[in-house]
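Structure record follows, encoded as structure tokens.
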Amino acid sequence: QVQLTESGGGLVQPGGSLRLSCAASGRAFSRGTTAWFRQASAKEREFVASIRWSGGDTYYSNSVKGRFTVSRDKAKNTMYLEMNSLKAEDTAVYYCAAHGSSVIVSAVANGGMYHYWGQGTQVTVSS
């Protein structure tokens, strides 16, 4: 059974930075796709970023492109989300998700494609 565990959330001022981690246990995602989603209060879940473990191809939503960077460490079986220039509208619970094989580009933003989900970590951007 795969378990995903997020960490690194917290309170940060506008313009600040945070790095989220998503550690996977139970299997290695050597050919999989993992992603970050977020859900703000009273809003629908939205795609943030994804990465293919084989090749390292990354994809971002327009709202975070240029500010967020997704990466992975194969040796640690961990995915990261480096978040810079944070804005109040980035406030949300951030979830990591995983699919056991590569997800086609047109589907990476579809939460229904992912088999495994973490419990989420809260990110609050406020002064």
Side-chain angles (χ1 to χ4, degrees):
Q1 183 69 16
V2 174
Q3 283 194 316
L4 303 177
T5 304
E6 303 98 334
S7 61
L11 173 64
V12 63
Q13 292 187 341
S17 299
L18 277 177
R19 188 175 83 153
L20 305 183
S21 300
C22 172
S25 62
R27 65 169 289 176
F29 290 97
S30 58
R31 289 185 292 276
T33 296
T34 52
W36 290 98
F37 288 78
R38 67 186 182 186
Q39 187 166 20
S41 181
K43 292 189 176 181
E44 292 188 354
R45 182 180 62 194
E46 65 170 341
F47 170 78
V48 175
S50 68
I51 185 166
R52 286 183 176 180
W53 284 59
S54 175
D57 296 342
T58 58
Y59 304 94
Y60 298 92
S61 68
N62 288 333
S63 62
V64 306
K65 196 174 297 182
R67 299 188 298 122
F68 291 11
T69 302
V70 61
S71 62
R72 86 280 192 242
D73 184 327
K74 290 184 177 181
K76 296 182 178 180
N77 216 28
T78 299
M79 175 178 63
Y80 303 98
L81 185 68
E82 186 75 36
M83 305 186 293
N84 298 314
S85 302
L86 283 162
K87 307 174 182 179
E89 51 263 44
D90 295 318
T91 295
V93 177
Y94 284 70
Y95 299 90
C96 64
H99 189 289
S101 56
S102 290
V103 177
I104 60 174
V105 173
S106 61
V108 295
N110 179 357
M113 293 295 298
Y114 297 89
H115 303 138
Y116 309 105
W117 290 82
Q119 82 289 346
T121 186
Q122 176 71 47
V123 172
T124 302
V125 184
S126 174
S127 56

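Val12 and Val93 fall into different hydrophobic clusters, where Ile, Leu, Val, Met, Phe, Trp and Tyr residues are linked whenever their side-chain heavy atoms come under 4.5 Å apart, directly or through other members. Hydrophobic clustering keeps Leu81 apart from Tyr59 (ILVMFWY residues linked when any side-chain heavy atoms are closer than 4.5 Å, directly or through intermediates).
A donor-acceptor contact closer than 3.5 angstrom links the side chains of Ser63 and Ser61.
Taking every heavy atom of both residues into account, Pro14 and Ser126 meet most closely at CD-C, 3.6 Å. Minimum heavy-atom separation, Asp73 to Trp53: O-CZ3, 4.0 Å. Closest approach of Thr58 and Val70 over heavy atoms only: CG2-CG1, 3.6 Å. Between Cys22 and Leu4, the shortest heavy-atom contact is SG-CB, 4.0 Å. When all heavy atoms of Ser85 and Ser17 are compared, the pair lying nearest together is N-OG, 4.4 Å.
Ser25 places none of its side-chain heavy atoms less than 4.5 Å from the side chain of Asn77. Looking only at side-chain heavy atoms (C-beta outward), Arg38 and Val64 come within less than 4.5 Å of each other. Residues Thr34 and Arg72 form no side-chain contact, since every pair of their non-hydrogen atoms from C-beta on lies 4.5 Å or further apart. Met79 is listed as a side-chain neighbour of Ile51, based on a closest heavy-atom distance under 4.5 Å. Looking only at side-chain heavy atoms (C-beta outward), Tyr95 and Gln39 come within less than 4.5 Å of each other. Residues Arg52 and Val105 form a side-chain contact, since some pair of their non-hydrogen atoms from C-beta on lies under 4.5 Å apart.
Between Tyr60 atom OH and Phe47 atom CZ the span is 9.5 Å, to the nearest 0.5 Å. The structure places OG1 of Thr121 at 9.0 Å from CG of Leu18, a figure rounded to the nearest 0.5 Å. Taken to the nearest 0.5 Å, the CG atom of Leu11 stands 8.5 Å off from the OG1 atom of Thr91.
In this structure, Glu89 places its CD atom where more than 12 heavy-atom neighbours from other residues, nucleotides or ligands lie under 6.0 Å away. Around NZ of Lys74, the count of heavy atoms belonging to other residues, nucleotides or ligands within 6.0 Å exceeds 12. Environment of CD in Gln119: crowded, with over 12 heavy atoms of neighbouring residues, nucleotides or ligands closer than 6.0 Å.
With hydrogens and angles ignored, the 3.5 Å screen pairs a side-chain donor or acceptor of Thr33 with a backbone N or O of Val103. No side-chain donor-acceptor contact under 3.5 Å links Ser127 to the backbone of Gln13. Proximity of a side-chain donor or acceptor of Glu6 to a complementary backbone N or O of Gly120 within less than 3.5 Å is detected.
Take Tyr114 and apply the ring-ring contact (aromatic ring centres under 6.0 Å, His included) test, not counting sequence neighbours, and it matches Phe37.
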